[in-house]
2 protein chains.
Amino acid sequence: MPAQLKKISESTIHRLSIYYRALAALEKENRTTISSKELAKRDKLTPAQVRKDLSFFGSFGTRGLGYPVVELRNRIAEIMGLNRLWNVALVGVGNIGSALAQYKEFAKQGFNIKLIFDNDLRKIGSNHKGIIVSDVRNLKSMVVSENIDIVIIAVPAASAQAVCDEVVAGGIKAILNFAPINLKVPDDVVLRNQNMCIELEHLAFALNNKNR
Amino acid sequence: MPAQLKKISESTIHRLSIYYRALAALEKENRTTISSKELAKRDKLTPAQVRKDLSFFGSFGTRGLGYPVVELRNRIAEIMGLNRLWNVALVGVGNIGSALAQYKEFAKQGFNIKLIFDNDLRKIGSNHKGIIVSDVRNLKSMVVSENIDIVIIAVPAASAQAVCDEVVAGGIKAILNFAPINLKVPDDVVLRNQNMCIELEHLAFALNNKNR
DNA sequence: TTATATTTGTGAACAGTTTCACAAAAGAAA
DNA sequence: TTTCTTTTGTGAAACTGTTCACAAATATAA
Ligand SMILES: NC(=O)c1ccc[n+]([C@@H]2O[C@H](COP(=O)([O-])OP(=O)(O)OC[C@H]3O[C@@H](n4cnc5c(N)ncnc54)[C@H](O)[C@@H]3O)[C@@H](O)[C@H]2O)c1
Ligand SMILES: NC(=O)c1ccc[n+]([C@@H]2O[C@H](COP(=O)([O-])OP(=O)(O)OC[C@H]3O[C@@H](n4cnc5c(N)ncnc54)[C@H](O)[C@@H]3O)[C@@H](O)[C@H]2O)c1
């Protein structure tokens, strides 16, 4: 039962991230095995869901006992590509960009912010946590020369598509976008949007429809 | 066909947010009507999807013509609770919290950050975009007295559950959490998590499984 | 060694979501 | 008016994702 054959759903990938975190915690507690039941309870999921998700990638459990914590964690890391370093470039170091540049969790998970870009002359050349801010005019050439895998876009909405086009031209295949705009990318580029207003709108909807 | 009867899925709510934005843009362009076909194309959806989503809430289109832009936008605002002001409190004004405090998009959509809290004496009393940072010890009483609807948690993971418990005790029913931790909340509290590492992990998975 | 208890892995049933397809309604043209 | 075109609204079909239920495998206890 090697490498997965079926298409894996977004929800399964999301839960894999969740299992990965739970397993990391269990590893710290020196737990050696965990059952689908217990793993499910930690995150308000069902045991069947856990088993089904894992079964897409093989069978790493032991019946009557559960899953080996360390091994399963490694296996998920392998599946998700978390057992390696990813080179990340951040474009736009304003309010949100600065916060992201400081964020230690990224490096811990193997996401190494290697380059930072801006178009503001006062920011170019300045030092952000040991990284010198580059001129955005060098964006395309530098994402190529520095082997960037993932680009985070944190520029105003009006500039986001231009930045996006540049990095796509530089061969980037994965983008995390914070600008509240629909970026157009080719089919082979994966784009994820982090839109905080939409998150608040979900909450507003929930509050607005409580007593229905 | 008044007020919706069936349970509305998360995906439908999400798309409603998307339609709302598209309609706002169309309104600026002085478009009076839009067909499901055109609305769909803007966001890589299908016309049937658009019509189905809207049909859960009534029928506001005109056959042969499409939907009236202004009217539909108002109707969605009504459904989602975007035609009013929501009082928001932000807890933790560090890297990400400061960025959020500056973020103008929130106010534009009716999310009014009314209170900001921190536990750092150097920050309490300081002025953030016209808002004086309050002592987190007053969190529970002030979310009540100031009629806060939504709380944004932007404190370190280790403090997030304590903050969460306080605001829940203060009667808050909607929370947007930025700490990378599973908060425990009662069933009647809506919680949404914004976990940026998980977003990057989705991208890592996609890159890692490109040539499968 | 045998019996009993756990827990996995997985087809099958079920539930939820999206897409299809078309009648009905309205607009536009003749 | 009549005809033709467009587009909605919506059941039904197709698809996708979740939960069920149980045989098989292994652990644990007697
Ligand atoms: N502030 C927030 O909390 C927040 C939250 C969610 C999303 N966003 C979005 O993130 C983006 C940035 O927001 P912000 O609040 O940090 O704004 P900001 O104005 O503080 O920062 C934008 C930065 O991008 C730089 N920039 C502008 N055009 C550029 C270009 N063409 N190339 C390179 N750099 C360029 C600016 O010099 C500035 O440093 C916006 O799209 C905003 O809507 C912000
Ligand atoms: N920096 C980022 O880009 C980023 C991105 C995603 C998520 N996050 C998460 O957001 C949270 C905050 O991150 P940050 O980078 O802004 O950290 P930070 O240390 O810069 O800010 C945390 C703030 O919370 C305050 N605080 C601590 N304990 C508190 C308490 N009990 N009550 C009230 N205030 C308290 C601190 O004084 C500080 O001002 C963390 O959980 C982090 O994982 C950060």
Side-chain angles (χ1 to χ4, degrees), chain A residues 1-19 22-23 26 31-73 75-76 79 202 205, chain B residues 1-19 22-23 26 31-73 75-76 79 202 205:
Chain A
M1 236 151 304
Q4 82 265 28
L5 358 72
K6 278 189 186 172
K7 199 193 163 287
I8 304 301
S9 77
E10 287 289 295
S11 354
T12 293
I13 300 167
H14 192 89
R15 287 190 297 268
L16 243 39
S17 279
I18 290 173
Y19 305 149
L23 291 164
L26 289 162
R31 284 285 304 273
T32 56
T33 59
I34 179 120
S35 66
S36 58
K37 191 174 161 190
E38 209 188 328
L39 194 49
K41 206 169 57 186
R42 294 177 78 102
D43 297 286
K44 286 216 202 136
L45 303 167
T46 67
Q49 181 87 85
V50 172
R51 295 200 298 276
K52 189 58 115 186
D53 284 338
L54 297 176
S55 77
F56 291 132
F57 301 95
S59 64
F60 348 97
T62 305
R63 294 174 188 215
L65 186 61
Y67 298 90
V69 171
V70 176
E71 206 177 302
L72 181 59
R73 178 153 179 258
R75 196 67 189 84
I76 294 180
I79 292 164
H202 270 265
F205 175 86
Chain B
M1 234 151 305
Q4 81 265 26
L5 0 72
K6 277 189 187 174
K7 199 194 163 286
I8 305 302
S9 76
E10 286 290 296
S11 355
T12 293
I13 301 166
H14 192 88
R15 286 190 297 268
L16 244 38
S17 279
I18 290 173
Y19 305 148
L23 291 164
L26 289 162
R31 284 285 305 273
T32 55
T33 59
I34 178 121
S35 67
S36 58
K37 193 175 160 189
E38 209 188 328
L39 194 50
K41 206 169 59 184
R42 294 177 78 104
D43 296 286
K44 286 216 202 135
L45 302 167
T46 66
Q49 180 90 84
V50 172
R51 295 200 298 275
K52 189 59 115 185
D53 284 338
L54 297 177
S55 77
F56 290 132
F57 301 95
S59 63
F60 347 96
T62 306
R63 296 177 186 213
L65 188 62
Y67 299 89
V69 171
V70 176
E71 205 178 304
L72 181 57
R73 177 153 180 259
R75 197 63 190 86
I76 294 181
I79 292 163
H202 269 266
F205 175 85

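Chain naming here is simple, since letters A, B, ... match the order of the sequence lines and numbering starts at 1 in each.
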Nearest to side-chain heavy atoms of [X], which nucleotide of [options]:
{"X": "A:Lys52", "options": "D:dT10, D:dC22, D:dT19", "answer": "D:dT19"}
{"X": "B:Ser9", "options": "D:dG17, C:dT17, C:dT7", "answer": "C:dT17"}
{"X": "A:Leu65", "options": "D:dA27, C:dG27, D:dG17", "answer": "D:dA27"}
{"X": "A:Ser55", "options": "C:dG9, C:dG27, C:dA26", "answer": "C:dG9"}

Length of the line joining [X]:[atom1] and [N]:[atom2], which is rounded to integer Å:
{"X": "A:Gln49", "N": "D:dA21", "atom1": "CD", "atom2": "P", "result": "16 Å"}
{"X": "B:Lys37", "N": "C:dA21", "atom1": "NZ", "atom2": "P", "result": "16 Å"}
{"X": "B:Arg51", "N": "C:dA21", "atom1": "CZ", "atom2": "C1'", "result": "10 Å"}
{"X": "A:Leu72", "N": "C:dG9", "atom1": "CG", "atom2": "P", "result": "10 Å"}
{"X": "A:Ile13", "N": "D:dT16", "atom1": "CD1", "atom2": "C1'", "result": "14 Å"}
{"X": "B:Phe56", "N": "D:dT10", "atom1": "CZ", "atom2": "C1'", "result": "10 Å"}
{"X": "B:Ile34", "N": "D:dT6", "atom1": "CD1", "atom2": "C1'", "result": "15 Å"}
{"X": "A:His14", "N": "D:dT18", "atom1": "NE2", "atom2": "C1'", "result": "16 Å"}

Please tell me if [X] has a side-chain N or O lying less than 4.0 Å from either OP1 or OP2 of [N].
{"X": "A:Ser59", "N": "C:dG9", "result": "yes"}
{"X": "A:Tyr67", "N": "D:dT26", "result": "no"}
{"X": "B:Ser36", "N": "D:dT8", "result": "yes"}
{"X": "A:Arg15", "N": "D:dT18", "result": "yes"}
{"X": "A:Thr62", "N": "D:dT26", "result": "no"}

When rounded to the nearest 0.5 angstrom, what distance separates CD1 in A:Ile34 from NZ in A:Lys41?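 Going from the CD1 atom of A:Ile34 to the NZ atom of A:Lys41 covers 9.0 Å.
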Among A:Leu54, A:Ile8, A:Leu16, A:Ile13, exactly one meets side chain to side chain contact (heavy atoms under 4.5 Å, CB included) together with A:Ile79. Which residue is that?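 Per the side chain to side chain contact (heavy atoms under 4.5 Å, CB included) rule, the option paired with A:Ile79 is A:Leu16, out of A:Leu54, A:Ile8, A:Leu16, A:Ile13.
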Which atom of B:Tyr67 lies closest to which atom of B:Gly61, heavy atoms considered: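 Reported closest heavy-atom pair: CD2-CA, 3.5 Å.
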If you look at every heavy atom in A:Ala22 and A:Arg42, which pair is closest and at what distance?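 What the structure gives for the nearest pair is CB-NE, 3.9 Å.
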Are side-chain heavy atoms of A:Thr32 and A:Val69 found at a separation under 4.5 Å?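 Not in contact.
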Can you find an N or O donor on one side and an acceptor on the other, under 3.5 Å apart, linking the side chain of A:Arg63 with the base of C:dT7?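 No such pair is found, so the answer is no.
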